[in-house]
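Here's the structure we're looking at; comments come further down.
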Amino acid sequence: MGYSPETEALEICRDLIRIDTSNYGDASGPGERKAAEHVAGLLAEVGIESQILESESGRASVVARWGDQDSSRPGLLIHGHLDVVPAQAADWSVDPFAGEVVDGYLYGRGAVDMKDFDGMLLSVVRARQRAGVLPNRPVTLVFTADEEAGGVLGAHWLVEHHPELFEGCTEAIGEVGGFSTEVGGQRLYLIETGEKGISWMRLRARGTAGHGSMGNDDNAITHLARGLLALGEHEWPAAEGPSMRILLDKVRELTGADGTVDELLAHFGPGIRMIGAGLRNTTNATMLQAGYKHNVIPGEAVAYVDGRFLPGAGETFPATVQQIVGDRVQVEPFISQPALEYAFEGDLVDAMTVALHSQDPDAHVAPFLMSGGTDAKAWHKLGITSYGFVPLRLPADLDFTALFHGVDERVPVDSLEFGAKVFDEFLNLA
């Protein structure tokens, strides 16, 4: 090959972790400008020009053209985000922004979401650029702001204000997928072929305000509590879409077992939290607002619910939630984004599969529908087909899905090196 694509993956990821880009969902965070300048500098060092674009002061994304721009082949968009969710240092065993390596793991906020991929990608790009080994198709590299708050100031802003930057791109690669899990004693790599829709809702209950010492059968907090309890106890039925049907068939193949959907999902161990959510709509109450004094019954109580729906369920989902919570609670849409799902077939999927086998000949590969949302929802507006592919070969006993937004977020150092090699091979094939 003549170059080592994995050489800088750890170093670049560590440096990015040490740049605090915490996204609080408002203007209180540090923003991504410092990280964007660092990425632009790494690209400039090897002769790749880039643009830093700000949607608001400090909310910066990086865009660069790479590869064979004269090729007649469709363009490939490769994207990662620069922001991270906040971290409470007191909860961690290490400083979440120190980028420490402990027992073979790189710790830090963003280690798996998703500065690991930023580091792997930049390591590969820089190595190939130095060696003069460019992809034989146009590539657009994008490092976005604000993904952790829905991408309003990042990917969606870029699509709305600078769609020309993505002209010619038909396919995209980003988070979350490509990581391994153990099923039936064998490594199974999961490629994200879709993601659930987002339906964040505000639930509002109204009642009669009054003195806390008196009887009141029209208490807004009570109405809201009943609705939230009904929603929390509701069992959404399983519904197998194309991606999850292939995944469950792969589980049957690897284990020789059959049974209910939940019995098959149990083979993923703790990973069932994320993987299993790809088979059902979900609703989780996340915030409550009510009252202003201990002895005053408020006239209104509000809750916020994180709703995620399967492809094809977007039209009926809010109405079903309203039916569940009852007529004393009003369901109001807050943020809505569509569900996406793409076919697990074609040249790009073949390239991902072959690239994984190049570094792990025993690999098994299957698609899955991701429970959360990514910048893919923005690219979808431009007709770009997106897959999640951040290749990581992980220890069988690592509860990887718990590390997303979790305490002591960490990634194995050898997984970073593995991922860089796989992604380099992917670029040879894509």
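None of these values were measured; they are calculated from a predicted model. For reference, positions follow the sequence shown, starting with 1.
Between the side chains of D91 and Q88, no donor-acceptor pair of N or O atoms lies under 3.5 Å. The closest side-chain donor-acceptor pair between H357 and Y189, if any, does not fall under 3.5 angstrom. Side-chain contact of Y3 with D424: a donor-acceptor pair under 3.5 Å is present, judged by distance alone. For the residue pair W66/Q129, the side-chain donor-acceptor check at 3.5 Å is satisfied. Using a 3.5 Å distance cut-off with no hydrogens or angles, the side chains of S243 and E341 do pair a donor with an acceptor. Side-chain atoms of D375 and T144 form a donor-acceptor pair, as typed in the model, at a separation below 3.5 Å.
The two residues Y387 and T385 have their closest heavy-atom pair at CE1-CG2, 3.6 Å. Taking both residues in full, the closest heavy atoms of G372 and M370 are given as N-SD, 3.2 Å, listed atom of the first, atom of the second, then distance.
Within a 6.0 Å radius of CD in Q323, no more than 12 heavy atoms belonging to other residues, nucleotides or ligands are found. Heavy-atom neighbours of D347 CG from other residues, nucleotides or ligands within 6.0 Å: at or below the threshold of 12. In the displayed structure, E235 atom CD is contacted under 6.0 Å by at most 12 heavy atoms of other residues, nucleotides or ligands.
Considering only residues two or more places apart in sequence or on other chains, H81 meets the ring pair (Phe, Tyr, Trp, His ring centres under 6.0 Å) condition with none of them. For H161, the ring pair (Phe, Tyr, Trp, His ring centres under 6.0 Å) test picks out W157, with sequence neighbours left out.
With contacts defined as side-chain heavy-atom distances shorter than 4.5 Å, the pair L77/F166 qualifies. The shortest distance between side-chain heavy atoms of F404 and V85 does not fall below 4.5 Å. Residues E8 and L122 have side chains not in contact (no heavy-atom distance under 4.5 Å, counting atoms from C-beta outward). Inter-residue side-chain proximity for D118 and L82 is flagged as met; some heavy-atom pair is nearer than 4.5 Å.
In summary, of the residues considered (D249, L248, V183, L279), a side chain to side chain contact (heavy atoms under 4.5 Å, CB included) with L264 occurs for L248 alone. For the side chain to side chain contact (heavy atoms under 4.5 Å, CB included) criterion with I78, the lone passing option out of V142, V125, T140, L427 is L427. For the side chain to side chain contact (heavy atoms under 4.5 Å, CB included) with P412, the lone residue among L394, D103, L392 that qualifies is L394.
Salt bridge annotation for E37-R33: present, with a cationic side-chain nitrogen under 4.0 angstrom from a carboxylate oxygen. A salt bridge links E171 with R137: the distance from a Lys NZ or Arg NE/NH1/NH2 to an Asp or Glu carboxylate oxygen falls below 4.0 Å. By the 4.0 Å N-to-carboxylate-O rule, D360 lies close enough to R187 to be salt-bridged with it. Electrostatic pairing of R14 and E11 does not count as a salt bridge here, judged by no charged N lying under 4.0 Å from a carboxylate O.
The main-chain N or O of L16 is found under 3.5 Å from a side-chain atom of K115 such that the two form a donor-acceptor pair.
Applying the salt bridge (Lys or Arg N to Asp or Glu O under 4.0 Å) rule to pairs touching residues 387-415 yields R109-E409, R273-D399, sequence neighbours excluded.
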